[in-house]
2 protein chains.
Amino acid sequence: MVSPVYLRIVEDIREKISNAVLKPGDAIPSEKALGEEYGASRMTVRKGLAILANEGYIYSIPGKGNFVQKPELNKYCICYDEMNNSINSVDKTKLLEVSIIMPDDKLAGELQITRNRNVILIRRLFYTDGTPVAYDIKYLLYQKGMPIVEKEIAHATFPEMLSGSVPLLALRKELTIYAAVPGEEIKKYLNIYHELALLVVEQKLYNSENKPVGMGITYYRGDYIKLQGASQ
Amino acid sequence: MVSPVYLRIVEDIREKISNAVLKPGDAIPSEKALGEEYGASRMTVRKGLAILANEGYIYSIPGKGNFVQKPELNKYCICYDEMNNSINSVDKTKLLEVSIIMPDDKLAGELQITRNRNVILIRRLFYTDGTPVAYDIKYLLYQKGMPIVEKEIAHATFPEMLSGSVPLLALRKELTIYAAVPGEEIKKYLNIYHELALLVVEQKLYNSENKPVGMGITYYRGDYIKLQGASQ
DNA sequence: AAGTGGTCTAGACCACTAG
DNA sequence: TAGTGGTCTAGACCACTTG
């Protein structure tokens, strides 16, 4: 079997959609018809169509048929890792602070907790070639059994910090990206003496019950970071 | 049939992975064993496993078995639309320029064309509540039959501009995000009189042969935009 | 009533992995 | 050699849509 039948079906139909032979909203031949066309059973045809549906090319309406999907024009996938981006990679970190704090009203609200709940505060600086390029703050809900080993924390990305206490596959993550002018404290940490923009990335992590388990803010020197995304 | 058998299988196994009953690398019971456990045929079991594989929970090794996947810790999905973001939405646009130009060396390189190829240049301002919030530049490879209707261009997002000449499902898109300090020209367009950071978003579009068909840069006032992403 | 997709079965043969 | 996943079939019954 050089190439399975269902893959030939997938490739053929995908090609027709890419070349606009089949346009969004058009009906695809019925599963019975495709089976006859390719000399395949209905289950084999369905396997191919399931793949196309999964890739976002088609959708089906029970009782009616399969149809070409309208493309998602504005979806992008971005791989964000505090320590690595497309123009830069962190080669040194400095742990400024690890402490247990009681949250203020704003933080308690963000983390959906009361003000007497313990929170771990971690502040770090990221360096590239000896230059400080980012100032990083993390707040983690303290969980019993959570390892606060400084050596581990210093170089960990945010999800990694939680790997001991939360099953990572249950983690839901949110990202917010914006630009800002640095305040005096950050200017000092990042050795900024002239006008410079910051790229700010906020992360928020939720457990499987959709409760926040941590949030973080990273302030990058604008001249040391580019985030990249792509469709698909 | 209240809930199909294959969905029960999916939910059971997904639950076990989320609760760390099954950990990354662990083997899942064989398809035969699962079939006996759920009183289902092997094809039904496989349908469930295919869904889990597609969701990124498991993977399979032929001849060995199905295994729990290590989670993707840094993948985020972001919906980017020039005109809409999480804190702001453009309600007016102003077309500054639509013209056909010959690219300079830099642009020709970016678009992988020779300097005698025609390029459409579009410059726009985006407004929210009467305030200019973004300055937008687009370069499109001129294709014969391309509609340059000013009314259409003024309010279109980048992929929409190409909808007449390129099958949109074949479009591959790239995004680059960074922060910068505004230059004099942009300060003038965006009425910036004090220190302010810009969020800059570059878009590059490719056709099905992976040749660039357009690129765009949008300069947002840092106080008027936040981009958001999420896992899944 | 005829056609469509959704679910499911009980087999089959293959290629691969492991002891 | 026994067990595993990968492909495939030829049926079946169901719920749904359309005329």
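Lettering follows sequence order; numbering is per chain, from 1.
As judged by a 4.0 angstrom heavy-atom cut-off over every strand, Ile61(A) is placed among residues touching the sugar-phosphate backbone only.
At a cut-off of 3.5 Å, with distance as the only test, a side-chain donor of Tyr135(A) or Arg123(A) sits close to an acceptor on the other residue. For the residue pair Asn84(A)/Ser89(A), the side-chain donor-acceptor check at 3.5 Å is satisfied. For the residue pair Asp136(B) / Tyr219(B), no side-chain donor-acceptor distance below 3.5 Å is found, with atom types taken as modelled. Residues Glu110(A) and Tyr139(A) bring no donor and acceptor atom of their side chains to less than 3.5 Å of each other.
One finds a salt bridge joining Arg172(A) and Glu174(A) here, because a Lys/Arg side-chain nitrogen approaches an Asp/Glu carboxylate oxygen to under 4.0 Å. The pair Lys138(B)-Glu82(B) meets the salt-bridge criterion, with a side-chain N (NZ, NE, NH1 or NH2) lying under 4.0 Å from an Asp/Glu carboxylate O.
Between the CG atom of Leu52(B) and the P atom of dG5(D) there is a distance of 14 Å, rounded to whole Å. In this structure, CG of Leu49(B) is placed 13 Å from P of dT4(D), rounded to the nearest angstrom. The nearest whole Å value for the distance from the CD atom in Glu31(B) to the C1' atom in dG3(D) is 12 Å. Leu34(A) places its CG atom 16 Å from the C1' atom of dC8(D), with the value rounded to the nearest Å. In this structure, Ile9(B) atom CD1 and dT7(C) atom P are separated by 13 Å, rounded to whole Å. Counting to the nearest Å, the P atom of dT4(D) and the CD1 atom of Ile58(B) are 15 Å from each other. Distance, Lys32(A) NZ to dG3(C) P: 7 Å, rounded to whole Å.
Taking 4.5 Å as the limit, some side-chain heavy atom of Tyr127(B) sits within range of a side-chain heavy atom of Lys94(B).
Remark: Ser30(B) is in phosphate contact with dT4(D), judged by side-chain N or O atoms under 4.0 Å from OP1 or OP2. Distances shown here put every side-chain N or O of Lys64(B) at or beyond 4.0 Å from the OP1 or OP2 atom of dG3(D). Side-chain N/O atoms of Asn66(A) include none lying less than 4.0 angstrom from OP1 or OP2 on dT4(C). Between Tyr6(B) and dC8(C), a side-chain N or O to OP1/OP2 separation shorter than 4.0 Å is absent.
Sorted by residue number, the members of residues 38-48 of chain A with any non-hydrogen atom under 4.0 Å from DNA chain D read Gly39(A), Ala40(A), Ser41(A), Arg42(A), Met43(A), Thr44(A), Lys47(A).
Candidate nucleotides dG6(C), dC8(C), dG6(D) were compared by shortest atom distance to the side chain of Val5(B), and dC8(C) ranks first.
No side-chain donor-acceptor contact under 3.5 Å links Asp26(B) to the backbone of Val68(B).
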Pairing of DNA chain C as dot-bracket, 5' to 3': ( ) intra-strand, [ ] crossing, | other strand, . unpaired, with Watson-Crick or G-U pairs under 3.5 Å?
-> ||||||||||||||||||.
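Asn54(A) pairs by the side-chain contact (heavy atoms from CB on, under 4.5 Å) definition with Asn54(B), not counting sequence neighbours.
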